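Keep in mind it's a predicted model, so treat the numbers as computed, not measured. Throughout, protein chains are lettered first and strands after them, A, B, ... in sequence-line order, and every chain is numbered starting at 1.
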Amino acid sequence: MNKEYMNIRGEKAEEQACRHLRKLGYKIVARNWHSFFGEIDIIARDDDTLVFIEVKSRHSLSYGSPEESLTPEKQKRIIATACIYLNQIEDQVPVRFDFVSIHKGNVTLYQNAFQID
Amino acid sequence: MFAQLFSAVILGIEAQLVEVQCDIANGLPSFQIVGLPEKEISESRERIRSAIKNSGYTFPSKRITANLAPADLRKEGVGFDLPIALGILMASGQLSHVSNRYLITGELSLDSKIRPVHGVLPMVLAARQAGVNGAILPQPNAVEAALVEGIPIYPVRILSEAAALLTGEKEPVPYVINRSALMTRHPQSSAAALNAIKGQEQAKRALEIAAAGEHNLLMIGPPGAGKSLLAHALLDILPPLSFDEALEVTQIYSIAHRLDRHTPLITQRPFRSPHHTISYAGMVGGGHGLPAPGEITLSHHGVLFLDELPEFDRRVLETLRQPLEDRSILLSRAGASILYPCDFSLVAAMNPCPCGHLGDRLKPCTCTLYDLRRYRRRISGPFLDRIDLFVEVPRLTPEELLNRPEGEDVATVRDRVLQARERQRERMKKEVKSSSNAQLDAKKIGEYCVLVDDAKEFLRMAIERFAMSARAYTRVLKVAKTVADLESQSVIRAEHLAEALQYRSIGKTEL
């Protein structure tokens with residue numbers, strides 16, 4: 001299982017997540033947005049709210065569920081990247097962090113998955 | 001959007017109003033509480049989040065800031081849960097803004113039920129002072145809060161009820177209680193009535209004088225003679241608490257987390273009997289963060305009984321000296337400095353010697369002179385100087401033990417004490433610092449303690465005979481004045497002095 005194969009699998013999962021979100025009325029703004037701190041898989045708009053979405057897929061639960069992979073460290077990286085996005089692109093909008101978990105093709109959306117404390 | 005509500009924080013036995021400001025802005029979703037909150041307030045974020053969600057509202061996923069003003073005052077307590085939650089609901093537009101100013105306090109549980117908090121009484125007093133329109137607080141605290149006159153109390157059970165009340169959706173019905181009924185509900189207990197104690201007539205009389213003039217008392221006697229029983233009996237002959245005094249005591253117990261739900265108003269004088277291993281912080285107050293009240297404050301308007309006086313840590317006894325004079329204690333710590341009242345009657349008891357039988361008719365004392373000196377040295381002279389009455393509590397004779405106790409009716413003694421107190425209060429109306437004979441200072445003694453001529457001559461002889469110091473002289477005069485008061489006499493006669501001299505020291509076991 002090489003790195004390229006993993007990337008393809010990741011991309012497929014993100015594609016599936018995007019389809020799911022569009023169906024729910026989200027408008028995709030950007031994908032794989034990079035910063036020094038890390039990457040945000042999907043940036044979308046849900047009504048007025050700007051939503052930063054992390055997608056995680058797992059085919060087996062041997063290494064824990066996709067939900068468990070959203071560690072506090074991971075959250076911090078996403079928040080830092082979101083800050084940079086807000087600074088560079090647009091500010092003064094309601095913001096939310098969502099999480100999409102994909103397990104064996106089942107898509108689960110967690111709205112407002114985490115916040116800043 | 002912005003919303004502002006009022007809550008309160010406890011400082012000593014008083015409370016200060018705190019503005020709870022909530023702002024909701026766009027930006028990264030976060031929830032912060034600023035304004036020097038202690039840990040329990042920072043933790044309230046999780047309770048508030050769940051309580052809002054579980055009462056059918058939505059927790060806004062925006063940038064939420066709650067500020068507790070004044071920002072430089074350290075905040076403790078869980079009572080901020082409810083005002084912050086309501087502030088968030090108002091700032092997010094889920095509740096309409098209100099014009100009425102309410103004091104709001106209450107702890108939230110995750111299912112949005114409102115739990116009781118401590119220190120409600122001082123909070124409501126502070127709110128009345130500040131002129132707010134009412135107080136919204138937990139149902140279990142309602143009776144305690146309703147003790148305060150002149151401010152409507154609105155008890156609530158769950159978050160949505162508080163919200164409805166705040167916006168006027170629910171008709172506010174103030175909670176009222178019958179204050180005078182609370183005062184009469186608990187008569188003074190008579191666990192150890194004075195006339196149920198066998199013998200010890202002199203000690204009983206000393207207790208009466210102590211009660212009448214607020215004098216401090218030291219009882220010396222062998223084990224089992226009835227010292228503890230006598231100390232408890234003092235409660236019985238002290239005049240009953242006035243409503244204001246009861247309120248003051250209740251306030252102390254409210255902030256000390258010692259008020260129990262079923263007795264919202266403490267109507268009996270407290271009796272505190274700390275064990276001799278007590279630390280000085282336990283005695284005078286202290287602890288981390290805001291200093292908590294100690295035993296001397298918990299016995300405010302009551303009796304502090306120190307059994308086995310020489311066994312107490314010397315440092316603890318020495319810390320009592322200043323509060324005994326000032327009737328208040330200023331605790332200065334890094335966090336805050338707080339003034340607690342501590343107007344208590346000190347009753348102490350000790351054995352005459354380490355083995356306990358010095359001067360006993362039957363058992364010989366086995367202590368050496370060295371033992372005796374060391375035992376007595378544990379109590380310092382300056383501490384003993386603050387005790388006006390010394391009384392011996394000897395072993396009972398077989399006749400006293402076998403016969404039924406007899407003596408004056410407790411009510412008679414109590415009446416006499418009450419009248420003596422009244423005389424003193426009337427006489428010292430214009431004094432700021434003192435309201436009883438024990439509180440007279442050297443300067444005022446000349447003014448208030450007037451002797452008849454033969455009493456002067458008697459005192460002159462006594463001074464020479466007993467080689468009395470200036471301090472001993474003032475003590476004898478103060479006690480003699482109380483004895484005169486008990487007999488409704490306005491001047492001190494020789495017989496009053498003669499009785500007072502008996503309590504100056506203890507004959508053969510001189511201290």
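- In this structure the side chain of B:F31 never reaches within 4.5 angstrom of the side chain of A:I116, judged on heavy atoms.
- The environment of CG in A:N87 is crowded: more than 12 heavy-atom neighbours from other residues, nucleotides or ligands sit within 6.0 Å.
- When side chains are defined from C-beta on, B:K62 does not count as touching A:R96, because their heavy atoms never get closer than 4.5 Å.
- Ranking B:P29, B:A25, B:S30 against chain A, the residue ahead of the rest is B:P29, based on heavy-atom pairs under 4.5 Å.
- Rounding to the nearest 0.5 Å gives a distance of 9.5 Å between CD of A:Q92 and CZ of B:R63.
- The neighbour count for B:Q32 CD, taken as heavy atoms of other residues, nucleotides or ligands under 6.0 Å away, does not exceed 12.
- Here the closest non-hydrogen pair linking B:L28 and A:L86 is CD2-CD1, 3.6 Å.
- Using a 4.5 Å heavy-atom cut-off against chain B, no residue of residues 13-37 of chain A qualifies as contacting.
- Shown here is A:Q111, whose CD atom has more than 12 heavy atoms of other residues, nucleotides or ligands within 6.0 Å.
- When each of A:N112, A:V95, A:L50 is checked for heavy-atom pairs under 4.5 Å with chain B, A:V95 comes out on top.
- When the shell of 6.0 Å around CD of A:E39 is examined, it contains more than 12 heavy atoms from other residues, nucleotides or ligands.
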